[in-house]
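Report on one structure; see the data block that follows.
Note that these values count all heavy atoms, side chains included, but never hydrogens, waters or copies made by symmetry. Counting starts at 1 for both ligands and their atoms, in listed order.
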Amino acid sequence: MVDGRELIMFGSNDYLGFAADPNVLAAAHAALEKHGAGTGMNPLLGTTSTHRELIRALRDFTNCEDVLLFNSCTAANCAVIATLVGPDDVVLSDELNHASIVDGCRLARGRTIIYRHNDIESLRRGLAEAKTSRLRLVVTDGVFSMEGECAPLREILEVVKQARGVLVVDESHSAGVIGPSGRGTGEFYGIGRGEFIQTGTLAKAFGAGIGGYVAGPRDAVAHLRDRARFFIFTSGVPAVCAGAAIAALKLLDTEPARLERLRANVVMLRSGLQSLGFELLGGDGPIVPVLLGTTERARRLSLSLLQMGIYVPAFSFPIVPEGSARLRLQVSAAHTREDLQEALSAFETARRT
Ligand SMILES: Cc1ncc(COP(=O)(O)O)c(C=O)c1O
C-alpha cells in the first residue's frame, strides 16, 4: 500500500515469500521473546543459542566446514577481501561486482585488478599479471544483481585453480533460489563442497531482516574470526533475524513447491515480456532486467507502470553502465498468476506511451 493505493511489488528481494510467512514470523517472535530486541554483546565475545543454531543451519545449507555471521553481506564482503588480501597480494574483481565488493577492494592493502564482466580471458590475463603475488583472490557475484545472470563459475574456477588462486563467490542473489534445491551457484553448476568461499545475506531470499555470512574452509573462517575488523568491531545479527533465517532455511527444504512456483512465475513473466517485444537480460533466476537504453525511457516506463498499480524500479547510470538504463523486475513465489498477468497487461499498455 502506498498512499492508500495497492500496488503489485516487483522490487522486493523476498523471492520466496518468506518475509511474511507465518512460520518465519513465529520463529522471529520466539527469538525476540527469548533474547530481547538488542544485539547484546559484540559477537566476538559470545553468541546466543539461536545464533549457534543458525550457524549450524548455514553450515548444512552451504555444505562448508564453517560459517561466520556478520551484520550484513556488505560487512561480510568487506571483511573477506580486506582481511585476506595483504600488501603482497592481489584481488581480482569482475567489473560489475556489487558495490560492497568494490568497497572491500578499496579497503584491501593489496593491489586490485578489475577484469571484464564474465570474461574468462580477461581474468586469465589478470591472474598472469598477478603471478608473483603471494595470494590471488578472485571475487565474483554468483548472480549479478543488475544483469540477473550467473557468473560462469566452472570456467572461473578452472582458471583460478590453474593459477593457484582462491575464489570467493557472493551468493546474495543466488542462495535460496539458484540450483535444484536453491543452494546457490555452486549447486547450479554441480561444483562440489569446499571449492570456493561463499558470502551471502539473510536479507533477500531468506526474508530475515538483516544479516550476512561467510562460509568456507575452517582455517579461513577462523582467520576471519580473529582478524576481520567488520566482525570484531561491530554489532552482530539481531537474534530476531537469526530466528527468522533458521525458519526460512527449514522451509526451503520442507516446502520445495515454493521454488517450483518461483520458477514457473519467472518463465511466465519472461515469456510474456519477450512476446511483447521487450529486450530482457539475465535468465538464470528471479531477476528480470528489461533493457531500455536511456534513463528518460526507463523512468517514463516505470512511472506509467506505477500509475497502473505496478511497482518496478528503474536503474540508470551510475548504478548500471551509461546507455543501459533498465527496469528490474524481481519475481517472487508470493506473486500469483493474476499478479503477473496484471503486470504484463500494464507493460502492454505502457509500451505504447
Ligand atoms: C550481490 C550483492 N551483494 C551484497 C549485497 C549487500 O547485502 P546486505 O544488504 O546484506 O549488505 C547486495 C545487496 O543488494 C547484493 O546485491
Side-chain angles (χ1 to χ4, degrees), residues 9-16 18-19 39 43 51 54 58 61-62 67-82 91 93-107 114 117-118 138-151 153 156 167-178 184-186 188 196-216 228-231 234-238 240-242 244-245 248-249 281-282 284-289 313 315 318-320 326 328-332:
M9 165 58 91
F10 283 94
S12 166
N13 296 313
D14 187 18
Y15 295 125
L16 294 165
F18 286 154
T39 49
H51 290 90
L54 175 59
L58 283 169
F61 174 76
T62 56
V67 165
L68 191 61
L69 296 178
F70 290 82
N71 56 26
S72 66
C73 186
T74 296
N77 282 337
C78 287
V80 169
I81 303 168
V91 53
S93 173
D94 185 290
E95 66 180 332
L96 295 188
N97 273 343
H98 186 258
S100 55
I101 297 176
V102 175
D103 290 340
C105 295
R106 287 176 183 166
L107 285 169
I114 309 290
H117 176 54
N118 278 350
V138 176
V139 190
T140 180
D141 280 7
V143 165
F144 287 85
S145 52
M146 288 297 144
E147 321 303 309
E149 92 226 291
C150 281
L153 273 203
I156 291 178
L167 178 62
V168 178
V169 180
D170 175 348
E171 298 274 25
S172 287
H173 281 285
S174 36
V177 291
I178 294 283
T185 40
F188 180 77
F196 55 83
I197 296 172
Q198 301 173 38
T199 63
T201 181
L202 306 183
K204 300 195 192 296
F206 304 135
I210 194 161
Y213 59 88
V214 174
R229 299 170 69 80
F230 281 83
F231 174 72
T234 185
S235 304
V237 180
V240 59
C241 301
L249 283 159
L281 303 175
D284 294 326
I287 295 175
V288 182
F315 292 92
I319 300 173
V320 296
R326 64 200 65 175
R328 183 182 72 168
L329 293 107
Q330 289 175 286
V331 185
S332 172

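Looking only at protein heavy atoms, the nearest one to atom 16 (O) of ligand 1 is His173 NE2, 2.8 Å. Scanning all protein heavy atoms for the shortest distance to atom 6 (C) of ligand 1 gives Thr74 OG1, 3.5 Å. With hydrogens left out, the protein atom closest to atom 13 (C) of ligand 1 is Lys204 NZ, 2.8 Å, a heavy atom. Ranking the protein heavy atoms by distance from atom 9 (O) of ligand 1 puts Thr201 OG1, 4.2 Å first. Among all protein heavy atoms, the one lying closest to atom 12 (C) of ligand 1 is His98 NE2, 3.2 Å.
Looking at heavy atoms from C-beta onward, Leu153 lies in side-chain contact with Thr140 at the 4.5 angstrom threshold. Arg328 places a side-chain heavy atom less than 4.5 Å from the side chain of Ser145. At least one side-chain heavy atom of Ile101 sits under 4.5 Å from a side-chain heavy atom of Asp141. Side-chain atoms of Ser174 and Phe188, non-hydrogen and from C-beta on, never get closer than 4.5 Å to each other.
Atoms of ligand 1 found under 4.0 Å from any heavy atom of Ser72, numbered from 1 in the order shown, are 10 (O), 11 (O). In the vicinity of Ser100, heavy-atom distances shorter than 4.0 Å reach the ligand 1 atoms 4 (C). The contact set between ligand 1 and Asp141, taken as ligand atoms under 4.0 Å from a residue heavy atom, comprises 1 (C).
Contacts between Cys73 and ligand 1 below 4.0 angstrom, taking non-hydrogen atoms only, involve backbone and side chain alike. Only side-chain heavy atoms of Asp170 come within less than 4.0 Å of ligand 1; its backbone N, CA, C and O stay farther off.
At least one donor-acceptor pair closer than 3.5 Å links the side chain of Glu95 to the backbone N or O of His117.
Checked by atom type, the side-chain pair Thr199/Asn77 shows a donor-acceptor distance below 3.5 Å.
Residue contacts with ligand 1: Gly212 is excluded, as none of its non-hydrogen atoms falls under 4.0 Å.
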Worked verdict on Glu147 versus Arg326 for salt bridge (Lys or Arg N to Asp or Glu O under 4.0 Å): CA-CA 10 Å; Glu147 321 303 309; Arg326 64 200 65 175; 3.1 Å; yes

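Classification of the Phe61-Phe206 ring pair by plane angle, with boundaries at 30° and 60°, yields perpendicular.
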